[in-house]
Amino acid sequence: MPTITLPDGSTREFDKPVIARDVAASIGKRLAADALGCKVDGELHDLSTVLDRDCSLSIVTPKRRDGGLDPDGLFLIRHSAAHVMAEAIQRIVPGALLVYGPPLDTGFYYDIRFPEDRPLREGDFEAIEAEMARIVAEDRGFSRYELPHDEGMRKLQAEGSKYKLDNALRAHEAGSPTLSWYATGTPGENWEDLCRGPHVPSTGRIGAFRVMSLASSYWHGDENSDRLTRVYGTAFPTQADLDAHLAQIEEARHRDHRVLGKQLHLFHIDEAVGQGLVLWTPNGAIIRKELQDWIGEHLHQMGYSDVFCPHIGKLDLYKTSGHFPYYAESQFVPLMEREFLKGVADDGCSCAQLSNMLATGEIDGYLLKPMNCPHHVKIYASQPRSYRDLPVRLSEFGTVYRWEQSGELNGMTRVRCFTVDDAHLFVREDQIGQEVMGCLSLVKLAFTTLGLSDFRVRVGLRDPDSGKYVGNPEVWDKAEAACREAARSLGATVSEEPGEAAFYGPKIDFIVKDVIGREWQLGTVQVDYNLPERFDLSYVGADNRAHRPVMIHRAPFGSFERFVAVLIEHFAGAFPTWLSPEQARVLPVSEKSFEYAQEVLGRLKAARVRATADLGNDRLQAKIKVAAEMKIPYLLVVGPRDQEHATVSVRVRGIQKDLGAMPLEVFVRELESEIASRGVSPMVGVEGARV
RNA sequence: GCCGCUGUAGCUCAGUGGUAGAGCGCACCCUUGGUAAGGGUGAGGUCAUGGGUUCAAUCCCCAUCAGCGGCUCCA
């Protein structure tokens with residue numbers, strides 16, 4: 001006699017076991033028609049699930065009440081689409097062995113082993129989609145059947161796919177007493193796949209789908225294991241949803257910082273210089289410099305002191321800090337002293353021996369710094385500190401070098417040399433809360449000024465069951481409480497993640513959502529008990545005894561490289577005026593107005609506006625087109641009429657029309673004020689925006 | 001690092017076993033035009049690099065370098 005509790009809290013009683021689908025039908029015809037699956041006590045199941053005891057039940061449909069796509073619905077659709085795609089592929093390429101096909105946030109994939117003489121190519125996509133469309137049109141039911149483990153294994157052994165046998169063994173090890181299959185149609189007659197499910201009721205419910213791309217992968221992610229082909233696809237409840245998704249991909253492509261970086265001349269990566277080494281060209285340098293100056297002003301106000309450090313340091317320094325040899329793999333090979341190398345050679349040391357010495361850290365030399373902290377620690381330690389001196393806040397736009405694997409490098413987001421807007425605070429334990437708060441408010445200010453106001457905060461706490469952490473537990477408790485409280489005070493979504501702390505202290509990460517909904521992990525604040533210990537740092541307390549300070553590492557932007565890349569994509573290259581490499585361009589309507597254009601340009605430059613004048617012999621329309629492509633915030637068209645009245649005709653980026661003439665002096669004044677206030681969008685001359 | 005794909009003019013990209021093309025950009029000329037490309041002429045390429053096959057290689061083969069998509073990794 002199951003009593004079933006529905007999401008609204010109401011209950012329904014049945015006098016015998018009931019199928020979820022029938023419960024849906026008892027609620028409403030429309031719901032039953034829309035249903036894709038169900039959630040029983042929070043766990044996703046097939047709609048055909050039999051409910052034989054008390055439980056909570058919610059029916060999963062493609063859309064939520066608010067009209068948004070339901071993640072559970074998408075899961076079912078995509079998981080099922082993966083089956084349909086696999087069936088289609090096996091029809092087209094006999095002998096293709098299925099491995100594993102899970103849904104993803106944006107679609108699904110299926111890892112498949114193709115026969116060596118018949119690899120899958122992008123040219124096959126059309127045929128696969130056509131085959132999938134046929135299977136969907138047939139609207140065959142997904143039917144589940146189970147076999148006891150032993151019987152199931154015999155069936156799989158008979159079929160002979162080691163991949164499926166492996167999946168089955170893994171399911172068994174994970175505690176599943178039976179094996180389940182899903183047939184698209186009738187078991188024994190139609191195509192089927194070993195699968196735990198759940199799936200939508202029938203192939204016709206998959207909606208709109210698309211085979212997206214090919215990649216290679218390894219079985220179990222192990223590079224020594226079999227090489228598989230990963231076929232990516234995506235599926236949505238309706239064609240409109242799929243179209244919106246494809247449009248978003250297209251939009252992301254248009255915003256790609258690598259494309260815009262080239263088009264807007266922001267940065268350059270040159271083969272001759274090296275992989276992952278960014279050259280900031282003048283336009284990009286302006287953006288970086290503006291950000292740096294701006295954050296620098298705030299640091300100054302907040303009591304930070306600037307420091308500068310060399311880009312290398314002795315290996316011993318990094319042995320003390322613990323970075324070498326422990327993280328040697330992600331560092332450039334040490335710069336070895338000539339004498340040391342000579343000595344090694346004189347001893348008849350082989351390359352293998354040298355390599356071994358590198359691995360164990362028995363080596364002398366210098367390291368390109370992978371982090372700024374050891375240098376800053378030494379600045380702290382360079383003089384005796386009193387409790388009255390703390391907090392000591394040392395900041396540096398410090399450049400670091402890391403040996404990222406070549407396959408990981410990507411534009412400006414993954415590089416081998418980057419500059420961190422770094423700072424290290426040396427504080428007393430009683431100051432941790434306040435100082436963490438100060439760091440967080442700076443990070444928040446940085447993001448909100450740039451219009452990145454949609455962010456969440458992740459507080460990484462220690463795993464109470466693990467002993468890998470340094471520092472004593474009471475101090476940890478206090479530091480975690482301080483981080484928690486500081487994070488909550490920001491007014492953003494805060495998630496706490498036990499086990500996500502660094503071994504040396506709790507940390508707070510900012511995860512920012514850009515205008516097209518992608519998340520980026522940027523700013524970070526970390527409390528550190530470890531380095532002060534390793535370097536034996538101290539200060540003299542009010543009790544005239546030595547005490548250990550605590551360090552706080554923080555970087556609001558993370559690195560300039562990644563941050564600017566995110567800004568490029570966030571703004572699609574259309575930067576706020578204060579960041580724009582070129583803030584205004586003067587466009588004379590003809591040669592007759594060149595002189596006045598120069599005059600206007602001179603006035604702008606006197607106001608320290610970054611401006612140019614286009615004195616080419618193109619027509620005005622062409623000059624506007626070119627300037628618009630460079631995403632310049634203000635275009636000032638000047639002709640004889642403007643000259644006569646000392647005006648400029650303003651055209652603002654994003655508004656595809658002439659906003660009319662305004663006195664040059666008024667324009668300059670308002671532009672100066674916009675730049676000074678660091679407005680996100682250009683507003684001068686825009687109706688209703690004048691102050 | 002691994003797998004796959006790619007590398008032709010400053011940019012985007014066609015193309016061919018007999019040493020190469022377009023559009024945009026650039027230079028010059030005509031045009032002096034009031035809000036998203038007027039017209040003409042011209043310059044510009046060791047076809048990523050190094051080997052090999054061939055009478056002949058930008059094209060086929062191998063290696064290297066780099067980019068892209070993934071995998072793996074990420075203090």
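Chain letters run A, B, ... following the sequence lines, proteins first, then strands; residues in each count from 1.
Here B:C71 is the nucleotide among B:C71, B:C74, B:U35 with the atom lying nearest to any side-chain atom of A:Tyr232. Set against B:A36, B:U35, B:C11, the side chain of A:Lys262 has B:C11 as its closest nucleotide. You'll find that the side chain of A:Asn617 is closest to B:C30, out of B:G69, B:C30, B:G38. Of the candidate nucleotides B:C68, B:C65, B:U35, B:C65 has the atom nearest to the side chain of A:Glu271. Across B:C71, B:A36, B:C30, the shortest atom-to-atom separation from the side chain of A:Gln621 is found for B:A36. Set against B:U32, B:A66, B:G69, the side chain of A:Lys592 has B:U32 as its closest nucleotide.
Pair check for B:C28 finds B:G40; Watson-Crick or G-U wobble, both atom distances under 3.5 Å. With a cut-off of 3.5 Å on both Watson-Crick or G-U wobble distances, the partner of B:U54 is given as none. In this structure, B:C74 makes no Watson-Crick or G-U wobble pair, since no nucleotide meets both defining distances under 3.5 angstrom. Applying the Watson-Crick and G-U wobble criteria (two distances, each under 3.5 Å), B:A63 pairs with B:U49. Pair assignment for B:G69 gives B:C3, based on Watson-Crick or G-U wobble hydrogen-bonding distances that are each under 3.5 Å. Judged by Watson-Crick or G-U wobble contacts below 3.5 Å, the nucleotide B:U35 has no partner. Pair check for B:G23 finds B:C11; Watson-Crick or G-U wobble, both atom distances under 3.5 Å.
If A:Gln331 and A:Ser217 are placed on RNA chain B by their nearest nucleotide, the residue sitting closer to the 5' end is A:Ser217. Projected onto RNA chain B by closest heavy-atom contact, A:Arg230 and A:Pro640 fall at different nucleotides, the more 5' of which corresponds to A:Pro640.
Using atom C1' as the reference point in both B:U41 and B:C47, the two lie 26 Å apart (nearest Å). Spacing between B:A20 and B:U8 at atom C1', rounded to whole Å, works out to 8 Å. Remark: the separation of the C1' atoms in B:U35 and B:G45 is 38 Å, to the nearest Å. The same atom, P, is picked in B:G7 and in B:U49; the two are 13 Å apart, to the nearest Å. Only the C1' atoms considered, B:C60 is 22 Å distant from B:G21, to the nearest whole Å. Comparing B:U32 with B:G38, their P atoms are spaced 14 Å from each other, to the whole Å. Comparing B:A57 with B:G50, their P atoms are spaced 14 Å from each other, to the whole Å. Rounded to whole Å, the C1' atom of B:U54 lies 13 Å from the corresponding atom of B:C59.
Between the CD atom of A:Gln263 and the P atom of B:G10 there is a distance of 18 Å, given to the nearest Å. Atom CG of A:Asp270 and atom C1' of B:A66 are 10 Å apart (whole Å). What separates CG of A:Leu522 from P of B:C74 is a distance of 20 Å, to the nearest Å. Note: CZ (A:Arg414) to C1' (B:G70) measures 14 Å, nearest angstrom. Rounded to an integer number of Å, the gap from A:Ile624 CD1 to B:G33 C1' is 12 Å. A:Asp618 has its CG atom 12 Å from the P atom of B:C24, to the nearest Å. One interatomic measurement links the two molecules: CG of A:Leu636 to C1' of B:G34, which rounds to 14 Å at whole-angstrom precision. Between A:His220 atom NE2 and B:G70 atom P there is a gap of 22 Å when expressed in whole angstrom units.
A:Arg258 comes within 4.0 angstrom of the backbone, heavy atoms only, and of no base. A:Ala628 comes within 4.0 angstrom of a nucleotide base, judged by non-hydrogen atoms across all strands. No engagement by A:Ser213 is indicated, since no non-hydrogen atom pair under 4.0 Å with the nucleic acid exists. Among the heavy atoms of the strands lying under 4.0 Å from A:Asp642 is at least one base atom, whether or not backbone atoms are also near. When heavy atoms are screened at a 4.0 angstrom cut-off, A:Gln656 is found touching base atoms of the nucleic acid.
Checked by distance alone, A:Arg651 brings a side-chain donor or acceptor within 3.5 Å of a matching partner on the base of B:A36. Taking 3.5 Å as the limit, the base of B:C74 and the side chain of A:Arg402 contain no donor-acceptor pair of atoms between them. Evaluation of atom-type donor-acceptor distances gives a pair under 3.5 Å for the side chain of A:Lys625 against the base of B:A37.
Partners of A:Tyr318 according to the ring pair (Phe, Tyr, Trp, His ring centres under 6.0 Å) rule, which considers only residues two or more places apart in sequence or in another chain, do not exist here. Applying the ring pair (Phe, Tyr, Trp, His ring centres under 6.0 Å) criterion to A:Phe535, with sequence neighbours excluded, gives no partner residue.
A salt bridge is absent between A:Asp316 and A:Lys314: the closest approach of a Lys/Arg side-chain nitrogen to an acidic carboxylate oxygen does not fall below 4.0 angstrom. A salt bridge links A:Asp536 to A:Arg548: at least one charged side-chain nitrogen sits closer than 4.0 Å to a carboxylate oxygen.
Note on A:Ser649: every side-chain N or O is 4.0 Å or more away from OP1 and OP2 of B:G34.
A:His311 has its ring centre less than 6.0 Å from the ring centre of A:Tyr401. In summary, the aromatic rings of A:Tyr110 and A:Tyr100 are positioned with their centroids too far apart to meet the 6.0 Å limit. Taking the ring centroids of A:Phe667 and A:Tyr634, they lie under the 6.0 Å cut-off. Annotation: A:Trp403 is in aromatic contact with A:Phe332 [ring centroid separation under 6.0 Å].
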